[in-house]
Amino acid sequence: MEETSREAVGMAVQRVAGMLQRSDQLDKVEQYRRREARKKASVEARLKAAIQSQLDGVRTGLLQLHNALCDVKDIQNSLADVSKDWRQSINTIENLKDVKDAVVQHSQLASAVENLKNIFSVPEIVRETQDLIEQSELLQAHRKLMDLERSRDDLMYEQYRMDSRNTHDMDLIRRYFGQVQPLSDELAKQLWMVLQRAMVTVRRDPTMLVSVVRIIEREKIIDNRMLDRQKQTGFIPPGRPKRWKDRMFQELKETVSRRIEGTQSETRDSDKMWLVRQLELTRKYVLDDLMVVRNLMVQCFPPHYNTFSSFFFNYHAAVAANVRELGAADLEANEIVSLLTWVLNTYTSVDMMGHPELKAECDVTQLEPLLSQDVVDELLSKYIQTFTSNITGWLRKALETDKKDWLKESEPEADQDGYYQTTLPAIVFQMFEQNLQVAAQVNDTFKEKVLEQCLKQMSSFLNRYKEEVINYKEEHLKDRKLPQCYVQYMIAIINNCQTFKESINSLKRKYSQSIEPSLYDDPIERTLNEVAREGCQFLLDEVFLDLEHHLNELLTRKWLTGSHAVDTICVTVEDYFNDFAKIKKPYNQEMTSEAHRRVVAEYMKAVMQKRITFKSPEERKEGADRMIKESDQFKFLFRKLSGSGETDRLCDAIAAIAEVFKLSDTTMLSLEVSTLVSKYPDIREDHIVALLVVRGDASRDTKQKVIETFNQTRPPSSMVLQPIFKDITVPTISMTTMTSMTVPKLLK
């Protein structure tokens, strides 16, 4: 206390010293004294309030402690009484424990004794049950299965009662009876198989169907019993509830659906009357099946199943689903009429659901419409539109089928005249014919619109056809060994173009009364010609790919010393044209002419590329003679292929150039070149220069003179009727190179 007093005095001194640090503060001493007095009074008041509050709390706490002490004494007395009673009854509890253990043990032993026979013979019973299932003795198999399941379930239930947390013993029992669940699944599979063939089984062996129903009823009773015990004890055996009865109704419903789906065996591709046949088959199946249900199947099921009513509505639902699917499909106009006639008239008539024998069981008026009125209205409005939307799909499918044929390893079929062809034109125009036949039944105006739509779709289709032909060629060039029959199918594609033309004209003559050309006639004609000509070009490309090596030998030193390149070229071209003979006119003639032109053009390219420069008059004469001989070979070949000599002019160009090389007097070169230019006006100055370079003996003055003569005598380009040199390019050659070629000869 003294130390505290000293600390308080010290703090007060410090506080007073802090207030009186300046002389002017002495005047405020009285003010400071009053302020400090107020603070002291306030602190004392708060201190008294705090002490009073604590005193009240202490008083309350003491009162509660007193009450607690009284409660503790009461509890102590009660515990003493309980302890006394427990000591008096402990002997009795120990005696009851023995009884309880004996009861549990007795229950387990009783369950074990009851199932002892099954427990020891589980493997044997499993084998017997499996044999019975395989022998279709389903009732006996199910009886043995129930014995096994009862033994397993009783043991597991007793174990659950004794110690539900003992998973080890539970797993031990489950493993010992591990074959029971697969056996149950196998039996169930047999039951579903019988139900899936219910329509056949009820005719041949109705007792089998009855056995299945009895088994399912048994399982339903067991399921209910197990579910009730689960509510009471919380225990449910493995595999329960099986719900086989629900599965039975589901299987019967799916059987009906599969039965209706089984009528959809035919397609439009196989039979143009596919829908009529399918609907008639559906009518027959439904009527026959419902008769079987009424006369036979209802006797195999309990009355409360309402078997006939269930099947009646299941068939209606399956037919409705099938009809809705057909209604949503892209049907043709005649198919829409067939469908609506069947839905609105046939289905509810005495020939089907309104049959007198069925009418006694179910009222057909209770059935919902197969198609809603909105769908019916939509189909009616679609009647004149369906064919338009379908044509594109049909054409695409036909083209895909034809593309698959292009990859076959066997040659395409040939028509009666031996020309290769595919089935595409026949398929396409069969589609058009069917649509036009239906349209013709409406009126001539509608028929003309359908024909116009057919031509429009044909124009678009031919553009896709052209693209696919080009892709076919490009894929072949990646590996020329594939497809094996590329040439034959390209020939068939070319022939298809002519067949398309003939078929289009036939349709127009048959179904159109207008003499005015259609808007799509010119595009169709143009595209067909493009496809055919490109096909011919692709085939010639194939030929010249094989000839490339031999063409590169022309006008080389090897050629001059005795090459068989032209012999090989002629043999190869003739061999290819044995296949090309199966191309229809006029394309085969155009192809022969183009092959002739390309052979001569390649020969000219060999000359203009200056692969050889003759070194002496003897070489020039030998080379010229060889060129003349080879020109005659080409003439003979293409006369044979074309059957006429109208194309000799092309081969004569080779001989004409040979004469330029053969000429020994260089002063006559200008005259010889003038003769060459008069025959072939499309020859250019660079061609003349190239010929002089190949000759190898023309001086600069001679060249200059020949070029001047060429420019003076060159006819106008309008006179060129059949150009030969137009597309033949000449490698550039400098004047220095030309001079270097001639200087040695001049010096000599």
Side-chain angles (χ1 to χ4, degrees), residues 196 198-199 249-268 270-295 297-298 305-387 389-390 393 438 441-442:
Q196 289 167 6
M199 290 298 172
F249 288 120
Q250 183 64 28
E251 285 293 336
L252 290 175
K253 186 175 181 180
E254 292 177 0
T255 299
V256 171
S257 297
R258 286 192 292 270
R259 185 74 168 160
I260 299 302
E261 291 172 359
T263 63
Q264 305 177 34
S265 57
E266 296 187 12
T267 63
R268 186 181 294 115
S270 60
D271 187 355
K272 66 180 181 180
M273 301 297 292
W274 67 278
L275 183 58
V276 175
R277 294 181 183 277
Q278 178 177 320
L279 294 174
E280 175 58 23
L281 200 60
T282 300
R283 185 199 67 79
K284 185 176 183 303
Y285 277 14
V286 171
L287 183 59
D288 291 348
D289 289 354
L290 288 177
M291 287 295 186
V292 170
V293 173
R294 178 184 180 276
N295 298 325
M297 194 171 292
V298 292
Y305 276 32
N306 295 324
T307 305
F308 181 81
S309 178
S310 176
F311 271 93
F312 190 80
F313 287 102
N314 281 343
Y315 271 99
H316 175 71
V319 171
N322 184 39
V323 168
R324 285 195 298 270
E325 184 178 347
L326 291 173
D330 291 332
L331 296 178
E332 297 177 0
N334 58 331
E335 294 169 351
I336 292 177
V337 173
S338 300
L339 178 63
L340 291 178
T341 302
W342 191 87
V343 167
L344 301 176
N345 300 320
T346 305
Y347 184 70
T348 55
S349 70
V350 295
D351 294 327
M352 197 172 175
M353 305 301 276
H355 192 276
E357 294 187 28
L358 303 181
K359 203 170 183 180
E361 301 290 340
C362 283
D363 187 1
V364 70
T365 59
Q366 296 178 354
L367 298 175
E368 293 290 333
L370 291 177
L371 293 175
S372 66
Q373 189 59 44
D374 291 340
V375 175
V376 173
D377 294 340
E378 182 181 351
L379 287 173
L380 288 173
S381 64
K382 188 180 177 182
Y383 175 73
I384 58 174
Q385 300 174 0
T386 303
F387 73 94
S389 60
N390 281 344
V438 174
Q441 299 174 4
V442 182

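Computed from a predicted structure; not experimentally measured.
Considering only residues two or more places apart in sequence or on other chains, R294 meets the side-chain hydrogen bond (donor to acceptor under 3.5 Å, both in side chains) condition with none of them.
Taking both residues in full, the closest heavy atoms of I260 and A318 are given as CG1-CB, 3.7 Å, listed atom of the first, atom of the second, then distance.
Side-chain contact between L367 and Y347: present, with at least one pair of heavy atoms (C-beta onward) separated by less than 4.5 Å. Considering only heavy atoms from C-beta on, V343 stays 4.5 Å or farther from L279 through its side chain. The side-chain heavy atoms of Q196 and E254, taken from C-beta on, include no pair separated by under 4.5 Å. Two residues are said to be in side-chain contact when any heavy atoms from C-beta on lie closer than 4.5 Å; L358 and F308 meet this criterion. Residues R324 and L371 form a side-chain contact, since some pair of their non-hydrogen atoms from C-beta on lies under 4.5 Å apart. A heavy-atom distance below 4.5 Å is found between the side chains of T282 and W342.
A side chain to side chain contact (heavy atoms under 4.5 Å, CB included) with H355 is found for one member of L287, V350, V364, L290 and no other, namely L287.
In this structure, M291 places its CE atom where more than 12 heavy-atom neighbours from other residues, nucleotides or ligands lie under 6.0 Å away.
For the pair R277 and E280, the salt-bridge criterion is not met [side-chain N within less than 4.0 Å of a carboxylate O].
Between the side chain of S349 and the backbone N or O of T346 there is at least one donor-acceptor pair closer than 3.5 Å. Between the R283 side chain and the D351 main chain, a donor and an acceptor come within less than 3.5 Å of each other.
We find the CE-CZ distance between M353 and F312 to be 3.5 Å, quoted to the nearest 0.5 Å. In this structure, CD on E368 lies 6.5 Å from NE2 on H316, to the nearest 0.5 angstrom. We find the CG-OG distance between N314 and S257 to be 7.5 Å, quoted to the nearest 0.5 Å.
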